[in-house]
Amino acid sequence: MRPSSPAGPSISHECPAGHLRTPRTRVRIVGMRWDNLTAPPVEGDPERAAPATPPLPLALPGAVARTFDTPEFAGMTFYEVQAKSILNRVPGQSRVPFEWTINPYRGCSHACVYCLSGDTPILMADGRTKPISELESGDRIYGTEQSGPYRRYVVTTVLDKWSTVKPAYRVTLTDGTTLIASGDHRFLSDRGWKYVTGAMQGAGQRPYLTTNNRLIGTGRFAAMPKESPDYRRGYLCGMVRGDAHLGTFSYSYGVVHRFRLALIDDEALSRSERYLAQEGIETRRFSFTPASATRRALSAIRTSKQRDIERIAGLIEWPVSPSDEWRLGFLAGIFDAEGSCSRGVLRISNSDDTILDQTTEALRHFGFSCVREDRGLPNRVRTVRLTGGLAARLRFFHLTDPAITRKRSIEGVALKHQTALRVAGIQSLGLELPLWDITTGTGDFIANGVVSHNCFARNTHTYLDLDAGADFDRKVIVKVNAGELVRRELAAPRWRGAHVAMGTNVDCYQRAEGRYRLMPQIIAALRDFANPFSILTKGTLILRDLPLLREAAQVTRVGISFSVGFVDEQLWRSVEPGTPHPRRRLDAVRALADAGFSVGVLMAPILPGLSDSDESIDATVAAIAAAGASDVTPLALHLRPGAREWYAHWLGREYPHLVPRYRELYRAGSYAPQAYQRELTARVRIAARRHGLHRAELGDNRSLPEPPRPPDAEQLTLL
């Protein structure tokens, strides 16, 4: 490799479409050589025609093609490169049984240090909140996107979730909002994205929060109400008084008792139906009005039993001394029945002065500001209008929890600075805590009312020719033209359709894939050329591409393997904090198996002294078998230089009593002794037979292919 050239200037440049969700980036061009990677000069751009090394303490010697920083990735550098080739031949002396690989990324983002306390409430797409630790991939939540002069709320999807244990800090805002996060987490402030901690200079230099900053958002979320008998009665009072038909009527032919509630929104109807049933009142569903070209269908519930009507009338009586639970339920019910929220205005309308008085009193009891309006509507209908902007509306929704989600939408609403969200203090808690983070489609999410960065992770591997420490905090290389290169090289006359292995060096479904989406292009190309391929991953993001994988399996062999070395949660949190939970990986195995794939599991890496006990092996193999895997292949820990030093440091800190054993096992190099490997393989095979897990006979079924397997002597680098 050649030494890098002197530092050059930073320039503004448009980010390639589809790679980042920001209109402009700050770009540094880095002129280096590294086999098949290059950043060609751009015609008409003299600054980019003379690339230079970025002025970083840890430059990438002889490697990088292009770097850039964006507001969404402040402090982290993505090296987007235009690769010259993408199909890589494995050296002939390699110990792996495949000849060709595709690696769209160099560097891996599986071991995250950017995280929040597990109980941090996240704003869901239905307007409710959920602790970050309870989120799952596929959940719909709110993120933000820049639209014109404003950043606006938009619905996005959780792509991945992971946890780690890190030193924790408490960020306190002047409105009382508190956030527990690692020092590496970022929040959106009035001065851009800021880390919780940082330094003005040196290796830790990065933008960080100070008491001069204001965070962007609405501030802390209110606690959701608990469903109690008083809450249910309050909800029924608001709903029935606001929108139901209830009464006893005398006619010439006799007395009729009637209760009917007809609604467009099934959520409120179902809740009312359930609450009535809990009070011993059974109702019957029926279609009230069918849908038409101009209106939606109305469904209804009803009962005509005298005792039910009397019971409902008793339930909706005004209480002499309403409890807080009753008031919250009443506000939810009257909003579902008579409320609206459009163009940033929340109103509750009715012609009954008693209902309006109760509504106003309940709102003010909980500290809301509201005004009464006579809008000149027919039948003396007047409104109670909530004031206080989005923060007040969200507090109302969370505090009362109305059933109808469409009325709770804030999509498209602009985020504005809130004076009360000034940072009041940042305090180290002096201890390490379990912390969580997620990957989303927008690159951010709303954590306890403030915009929080969707972060990528610190690498704990040494797949790259990079420093195994600080470089991995900020540097990921992305071959942005991978898709077009695959098509071009598969179409070349010299290509003979050899099997292509992916994920064997760097996980192709690491978190960065959620943003760059390179794998759909690659899989589509392999499908179109009917070229056999296999994928090894720890990333549950592979399920996003299941339709493409099924299409490819119709025309060629598609092998899929997951890496699951153990199922012990405490060990996972300590060793692999940035990967999906082992149980979630096995859920993905089940989903792929149910889709018709024969999914193998690499039980890797098995960690001497930590996950190689009979109990750990049996529990892991049992879980793998229960997930529907076709086979299991054990691989012992492989410690390459770089990863070896990182792992030794971690082991000495967490399990010092194991250090002598590791020195003995790995004294000859990166691999454990052959005798240890043979013993490990035998014990896993015995467990596999015990749990009915045997290698499948696949024959010629192209829908159930088998990926290439490393030989028993091969081991897996720490993932």
Side-chain angles (χ1 to χ4, degrees), residues 227-320 322-323 325-340 348-359 361-362 377-384 400 402-404 406-407:
E227 191 177 290
S228 66
D230 268 9
Y231 179 86
R232 292 196 297 267
R233 293 189 186 104
Y235 183 86
L236 289 172
C237 181
M239 174 58 70
V240 173
R241 287 183 178 274
D243 217 9
H245 181 75
L246 175 70
T248 299
F249 309 93
S250 296
Y251 299 98
S252 58
Y253 53 83
V255 177
V256 175
H257 306 281
R258 182 181 300 141
F259 166 76
R260 184 185 68 229
L261 177 63
L263 295 170
I264 291 175
D265 296 281
D266 184 73
E267 297 154 310
L269 192 64
S270 294
R271 183 186 287 191
S272 301
E273 185 179 34
R274 178 165 58 86
Y275 284 3
L276 287 169
Q278 288 178 279
E279 298 292 341
I281 302 165
E282 296 299 328
T283 57
R284 186 168 62 86
R285 280 259 185 156
F286 67 101
S287 175
F288 187 77
T289 303
S292 69
T294 57
R295 60 187 300 173
R296 296 165 59 191
L298 275 94
S299 297
I301 56 175
R302 66 185 173 194
T303 179
S304 299
K305 296 179 181 178
Q306 180 179 352
R307 65 178 180 82
D308 288 343
I309 304 308
E310 292 172 350
R311 178 63 176 147
I312 294 172
L315 286 172
I316 67 171
E317 288 181 352
W318 298 114
V320 177
S323 65
E325 290 83 1
W326 186 94
R327 287 189 174 102
L328 293 173
F330 173 74
L331 288 173
I334 194 63
F335 178 77
D336 279 343
E338 300 279 37
S340 65
I348 297 172
S349 303
N350 205 274
S351 59
D352 187 320
D353 285 340
T354 303
I355 290 177
L356 295 176
D357 289 343
Q358 290 284 350
T359 301
E361 180 183 343
L377 297 174
N379 301 320
R380 295 186 65 251
V381 172
R382 282 155 295 154
T383 66
V384 177
T400 66
I404 301 174
R406 67 175 176 84
K407 294 184 180 182

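Evaluation of the salt bridge (Lys or Arg N to Asp or Glu O under 4.0 Å) test over residues 303-316, restricted to residues two or more places apart or in two chains, returns Glu279-Arg311. Residue pairs meeting the salt bridge (Lys or Arg N to Asp or Glu O under 4.0 Å) criterion with at least one partner in residues 327-340, sequence neighbours excluded, are Asp324-Arg327, Arg327-Glu361. For residues 254-307, the ring pair (Phe, Tyr, Trp, His ring centres under 6.0 Å) pairs, not counting sequence neighbours, are Tyr235-Tyr275.
Between Gln358 and Asp352, every side-chain heavy-atom pair lies at or beyond the 4.5 Å cut-off.
When the side chain to side chain contact (heavy atoms under 4.5 Å, CB included) test is applied to Ser304, no partner is found at least two apart in sequence or on another chain. Scored by the salt bridge (Lys or Arg N to Asp or Glu O under 4.0 Å) test, Arg406 finds Asp265 as partners (sequence neighbours excluded). With sequence neighbours excluded, no residue forms a side-chain hydrogen bond (donor to acceptor under 3.5 Å, both in side chains) with Gln278. Partners of Ser292 under the side chain to side chain contact (heavy atoms under 4.5 Å, CB included) rule, at least two apart in sequence or in another chain, are Thr294, Arg295. Not counting sequence neighbours, Glu325 has no partner by the salt bridge (Lys or Arg N to Asp or Glu O under 4.0 Å) test. Residues passing the side chain to side chain contact (heavy atoms under 4.5 Å, CB included) test with Tyr253, sequence neighbours excluded: Tyr251, Val256. Partners of Ser287 under the side chain to side chain contact (heavy atoms under 4.5 Å, CB included) rule, at least two apart in sequence or in another chain, do not exist in this structure. Looking at residues two or more places apart in sequence or on another chain, you find a side-chain hydrogen bond (donor to acceptor under 3.5 Å, both in side chains) between Asp353 and Arg382.
The line from CD1 of Ile334 to SG of Cys237 is 8.0 Å long, rounded to the nearest 0.5 Å. Between the CD1 atom in Ile312 and the CG atom in Leu276 there is a gap of 5.0 Å [rounded to 0.5 Å]. To the nearest 0.5 angstrom, Ser299 atom OG is 6.5 Å from Leu269 atom CG. The distance from the CG atom of Leu263 to the CD1 atom of Ile301 is 8.0 Å, given to the nearest 0.5 Å. To the nearest 0.5 angstrom, Arg302 atom CZ is 13.0 Å from Leu261 atom CG.
Residue Glu282 comes nearest to Ala277 through the heavy atom pair OE2-CB, 4.1 Å, listed as atom of the first residue, atom of the second, then distance. Residues Ala403 and Glu267 approach most closely at O-CB, 3.4 Å, considering heavy atoms. The two residues Tyr231 and Thr400 come nearest to each other via the heavy atoms OH-O, 2.6 Å. When all heavy atoms are compared, the tightest approach of Trp326 to Pro322 is CE3-CB, 3.6 Å. Taking every heavy atom of both residues into account, Ala291 and Ala297 meet most closely at N-CB, 3.5 Å. Of all the heavy atoms in Phe335 and Lys407, the pair that sits closest is O-NZ, 3.0 Å.
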Identify each donor-acceptor pair in which a side-chain atom of residues 239-246 lies under 3.5 Å from a protein atom, sequence neighbours left out, and give them as a table.
{"unit_1": "Arg241", "atom_1": "NE", "unit_2": "Ile316", "atom_2": "O", "d": "2.9"}
{"unit_1": "Arg241", "atom_1": "NH2", "unit_2": "Ile316", "atom_2": "O", "d": "2.9"}

